[in-house]
Amino acid sequence: AGTLLLYAQEIAMNKIWTEREYDEQKYEVLDASCSDHNHHICNPVLLHARHNADPFSKFTFIDGGYADWDLALLDITNVRDYAMYMAITSAGQGRNQEQALKNYEEKEKGVSLNKLCKIRNRYKEANSSAAGFG
């Protein structure tokens, strides 16, 4: 099923994207790694927990290895930490869930998580237009 999903993504994107859009992408949009802490959560559309031991590891998660993970250490605006936060809290694992959210709210000046990407994308579009790219 996983391989079929990957093929379906590629077929769909070939119908949606122009060749220029594909060539100019700066980061993974589909099948982005859940182990990457260098990419903002608003960039990828679909995350993939790959077969490795790096955080976020689906195998460590399934084995309960994140049961006592300190969520306050996460920056849930990056892909890796967001994936960890969502998986760990959904399973009732980890500790300091509330502190992780407080850290996020402080960093993003109160912008709710469900509005973050909309606001961020509007800002990027405005700057692109102002610079003559839109």
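Note that this is a predicted model, so its numbers are computed, not measured. Residues take their numbers from the sequence shown, with the count starting at 1.
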> Step by step, would you call L74 with H37 a side chain to side chain contact (heavy atoms under 4.5 Å, CB included)?
Replying inline: CA-CA 10 Å; L74 301 177; H37 62 49; over 6 Å; no
>> Counting neighbours of OH on Y85 that are heavy atoms of other residues, nucleotides or ligands and sit closer than 6.0 Å, is the number greater than 12?
In response: yes
> Under the 3.5 angstrom rule, does the side chain of D36 hit a backbone N or O of S33 as a donor-acceptor pair?
Replying inline: no
> Of the options K107, E106, Q99, which is the one that meets N103 in a side-chain hydrogen bond (donor to acceptor under 3.5 Å, both in side chains)?
Replying inline: Q99
> How many angstroms lie between CD in Q97 and CD1 in I88, if you round to the nearest 0.5 Å?
Replying inline: 10.5 Å
> Can you find a pair of side-chain heavy atoms, one from L116 and one from C42, that are under 4.5 Å apart?
Replying inline: yes
> Between CH2 of W69 and CZ of F61, what distance do you get to the nearest 0.5 Å?
Replying inline: 13.0 Å
> How long is the gap from OG on S57 to CZ on R80, to the nearest 0.5 Å?
Replying inline: 12.5 Å
> To the nearest 0.5 Å, what is the distance between CG (N52) and SG (C34)?
Replying inline: 9.5 Å
> P44 and I41: which non-hydrogen atoms are nearest, and at how many Å?
Replying inline: CD-O, 3.7 Å
> Any side-chain heavy-atom pair from K118 and V111 closer than 4.5 angstrom?
Replying inline: no
>> Could you report the tightest heavy-atom contact between H40 and V79, atom names first, then the distance?
In response: O-CG2, 3.7 Å
>> If you define the side chain from C-beta out and look only at heavy atoms, does anything of H51 sit under 4.5 Å from F59?
In response: yes
> Where is the tightest heavy-atom contact between L113 and Y82, given as atom of each residue plus distance?
Replying inline: CD2-CE1, 4.0 Å
> Can you name the nearest heavy-atom pair linking Y66 to D54, along with the distance?
Replying inline: OH-O, 4.4 Å
> How many angstroms lie between atom NZ of K109 and atom CD1 of I119, to the nearest 0.5 angstrom?
Replying inline: 12.5 Å
> How many angstroms lie between atom CG of L71 and atom CG of D81, to the nearest 0.5 angstrom?
Replying inline: 9.5 Å
